[in-house]
Amino acid sequence: MNYWLIKSEPSTYSWEDLVKLGRDHWDGVRNYSARNNLRAMQEGDLALFYHSVNEKAIIGIAKVVREHYPDPTTDDDRWLVVDFAPEGKLTRPVTLEEIKQHPQLTEMVLVNNSRLSVQPVQKDEFEVIVGLGES
DNA sequence: GCCAACGTTGGC
DNA sequence: GCCAACGTTGGC
């Protein structure tokens, strides 16, 4: 069981879009590090869903419901997708600012490499964030 | 809207 | 194989 963080601009693809669809593939990843993280995901893994740019906050949790397969939006076989389903919305969003200020979250990839769109999250980090979001 | 940081591309 | 140039992302 591993934990992840997936990032999207809400104007392009938001948490609400995923909820509306029930499940969906996560396409458009064109970065090798992010791709490698997608490939490492296993069914049942949980991912924090982060809204970048305008909101800059984690808004919900998504679950991996299908492991990686070739990206249907391109013929280029280097790229792949993973299917997610919404697992639950946080009671309140956990903001980037809050994460930066939290002493247990200073090592998060989100803080240190904000551009990586699919990133691993430590179990304790995941639990701290869920704890904040449910408080 | 700006720009720093990062990743990728392509010429050599 | 190196590295300059370029494009993109995302925080501010």
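It should be emphasised that the depicted structure is a prediction, and the values quoted were computed from it without experimental measurement.
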- prompt: Quick one: which of C/dG10, C/dG11, B/dT8 gets closest to the side chain of A/S117?
  reply: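 Looking only at heavy atoms from C-beta outward on A/S117, the closest nucleotide is C/dG10.
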Checklist entry - Which of these nucleotides, C/dG10, C/dG11, B/dA5, is closest to any side-chain atom of A/R115? => result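 Looking only at side-chain atoms, A/R115 lies closest to B/dA5.
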message = Between A/W4 and A/D45, is the side-chain hydrogen bond (donor to acceptor under 3.5 Å, both in side chains) condition met? List the steps.
response = CA-CA 8 Å; A/W4 309 93; A/D45 282 358; 3.1 Å; yes
Tell me: [atom1] of [X] to [atom2] of [N], nearest whole Å?
X	N	atom1	atom2	value
A/N31	B/dT8	CG	P	5 Å
A/K7	B/dC6	NZ	C1'	11 Å
A/Y13	C/dG10	OH	P	16 Å
A/N54	C/dT9	CG	P	15 Å
A/Q119	C/dG10	CD	C1'	12 Å
A/I6	C/dG10	CD1	P	13 Å
A/R35	B/dG7	CZ	C1'	14 Å
A/L116	B/dC6	CG	P	11 Å

Look at all strands and tell whether A/L96 reaches a base, only sugar-phosphate, or nothing, counting heavy atoms closer than 4.0 Å.
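Counting heavy atoms under 4.0 Å across all strands, the contact made by A/L96 is with sugar-phosphate only.
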Residue pair A/V82 / A/R66: nearest heavy atoms and the distance that separates them: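 Distance-wise, the nearest heavy atoms are CG1-O, 3.4 Å.
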Inset, instruction - Measure across A/V29 and A/W79 and return the closest heavy-atom pair with its distance rounded to 0.1 Å. - result: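 The answer is O-CE3, 3.5 Å.
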Just do the side-chain hydrogen bond (donor to acceptor under 3.5 Å, both in side chains) check on A/T73 and A/D71 with the steps written out, would you?
-> CA-CA 5 Å; A/T73 65; A/D71 189 335; 2.6 Å; yes
Less than 4.0 angstrom between a side-chain N/O of A/Y50 and OP1 or OP2 of C/dG11, yes or no?
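Looking at the OP1 and OP2 atoms of C/dG11, one of them is under 4.0 Å from a side-chain N or O of A/Y50.
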### Message
On the nucleotide C/dT9, are OP1 or OP2 found under 4.0 Å from the side-chain N or O atoms that A/K56 carries?
### Response
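No.
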